[in-house]
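What follows is a short report on a single structure.
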Amino acid sequence: MTAALPPTVLRNVLTALMLAIFLGALDQTIVAVSMPAISAQFDDFGLLAWVISGYMVAMTIAVPIYGKLGDLYGRRRMILTGISLFTLASIGCALAQNMPQLVMARVLQGIGAGGMVSVSQAIIGDFVPPRERGRYQGYFSSMYAVASVAGPVLGGWLTEYLSWRWVFWINLPLGLVALWAIHRALAGMPVQHRQARVDYLGAVLLVIGLGSLLLGITLVGQGQPWTAPSVLALFACAVFGLALFISHERRCPEPLLPMGLFGNRVAVLCWAVIFCASFQSISLTMLMPLRYQGITGAGADSAALHLLPLAMGLPIGAFTGGRMTSRTGRFKPQILAGALLMPMAICAMAITPPQSAMLGGLFMLLTGIACGLQFPTSLVGTQSAVDSRDIGVATSTTNLFRSLGGAMGVACMSSLLLTLLHHDGFELLGNPLLGSLKAGQADPDTQMRLLATFRHVLLGSAGISLLGLLAALALPDRQLRGR
């Protein structure tokens, strides 16, 4: 059962949690623009991609663990732990003297961020009735959108006029403010205490299985072929680790991730929807700047602005979907609308040349709205379908599938892009995901070939989004509880 809170208290809790969400989401975007400066100072390109990948992998693995620990020992304690670890690790990043130190500190940052993001959304599930959660989860989704716009701009300014280290130093005041706000807002909140043991073996097996899977996906996204020995070894380790994890969880009296949740039809279908939506949104964030730069010859600053309609569409869709969920008490119509809009908008982007700024921006906006309609409503659908004691682990599992979808999207779409570019005789300079296409605006024939290549990639992305539409169609149309 959810505990009712006075409106003023709930508002303070929401503001504090939104700050925590923003802090974790900002660090996914603010670091990207400082990568050239970091590599220049340390003169190390081999580990450069892991400055971002290490953070994402660690955060994804930490999400379900924090969800379970929050169910056992209280979410206030877990979110304060996550923010504290994130802030301390930010200091380690700012003081790093070489690339291995920076990557290790980023991994610790990711572990802290996993608690901030996962536990924040579970806390709303504790104090807000299911029918009202869509509106609040929409606010959280808007924090991701704001971070996606503010991160590159702020990171570029700090790197240009101060130092790349200030990209991490800025987390110190933000983290301290978040700690104070969370501590104050959640003081005196009712906490459920349960006598239970932590499933340490399950946590180790999950880290091995999921970590190997994400590391293999990351290597593919960085340009290695799917059949490379290192990639195959990681995937084999992932299959073995996850198989042992599932077997152990079925017998464990207090499992880290209850296997019974995967027998819940609504929860599984919502996870499939959010996986596909995240697949599209994250992969498009990588693909569209490359497409714009490669065909028009524009700079990185213009390419970042090219993503602005997508970032604007996310909060619009999230707010609209959340309000409609609160008013109607149903979540399927919003999810279905987003799942229907997604493939149509991506197909329209595929046939629209990048030079058509207004038309392309419109389709990017519609894609963002489609994603926004699905993100918060899928989480609300999951939370409403499980028992109150499992809200934390169900929320963390939703975030797990969201992170997996993004990682798979980047890996699959970048691998497809590299394959098509190689087939067409193009070469890439530097890191395939961070470099610019060598062809640029060399001649009209080259532009036409690049346009055709990216059209095929986007059409493939639209085809994958149909899987999310099938999951949305299969969702039961249920009424949410509460008001």
Side-chain angles (χ1 to χ4, degrees), residues 2 5-30 59 63 66-67 70 75-76 78-87 90 109 112-129 132-151 153-154 170-187 189 274 281 311-323 325-326 368 371-372 375-380 383 391-392 395-396 398-399 402-403:
T2 55
L5 294 178
T8 303
V9 177
L10 185 59
R11 190 182 307 116
N12 293 336
V13 171
L14 176 65
T15 303
L17 296 181
M18 288 174 65
L19 179 59
I21 289 283
F22 176 76
L23 187 59
L26 183 67
D27 234 57
Q28 299 179 34
T29 59
I30 194 173
M59 184 175 68
V63 158
Y66 272 106
R75 312 199 203 287
R76 180 174 178 267
M78 288 300 104
I79 193 171
L80 291 175
T81 300
I83 296 175
S84 300
L85 179 58
F86 177 88
T87 305
S90 297
Q109 253 194 330
M116 293 158 55
V117 172
S118 175
V119 181
S120 294
Q121 294 175 329
I123 289 174
I124 288 298
D126 286 336
F127 300 120
V128 177
E132 295 293 323
R133 288 175 195 160
R135 178 157 54 98
Y136 292 94
Q137 298 297 351
Y139 296 150
F140 286 171
S141 294
S142 68
M143 290 297 97
Y144 286 99
V146 172
S148 67
V149 177
V153 175
L154 182 60
I170 196 174
N171 289 332
L172 183 57
L174 291 176
L176 292 176
V177 171
L179 272 174
W180 173 81
I182 293 288
H183 185 274
R184 184 170 179 266
L186 297 183
M189 293 293 100
I274 207 166
S281 63
M312 292 172 58
L314 281 167
I316 293 174
F319 180 80
T320 303
R323 296 295 294 182
T325 300
S326 297
C371 290
F375 283 145
T377 44
S378 295
L379 179 56
V380 170
Q383 290 179 337
I391 280 181
T395 302
S396 63
T398 304
N399 287 314
R402 181 171 179 167
S403 298

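In what follows, residues are counted from 1 in the order of the sequence shown. This one's a predicted model, so the numbers in the text were calculated from it and none came from an experiment.
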How close do [X] and [Y] get, heavy atom to heavy atom, and via which atoms?
{"X": "Gly175", "Y": "Ile83", "answer": "O-CG2, 3.7 Å"}
{"X": "Cys371", "Y": "Leu314", "answer": "CB-CD2, 3.5 Å"}
{"X": "Met78", "Y": "Val119", "answer": "CB-CG2, 4.1 Å"}
{"X": "Gly112", "Y": "Tyr66", "answer": "CA-OH, 4.1 Å"}
{"X": "Leu179", "Y": "Ser84", "answer": "CD2-OG, 3.5 Å"}
{"X": "Ala20", "Y": "Ile79", "answer": "CB-CD1, 4.4 Å"}

(message) When you compare the side chain of Asn171 with that of Gln109, does any pair of heavy atoms fall below 4.5 Å?
(response) yes

(message) Let me confirm one number: the CE-OG1 distance from Met116 to Thr81, rounded to the nearest 0.5 Å.
(response) 12.5 Å

(request) Could you tell me the separation between the CG atom of Leu80 and the CG atom of Leu85, rounded to the nearest 0.5 Å? (result)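 Between atom CG of Leu80 and atom CG of Leu85 there are 12.5 Å.
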
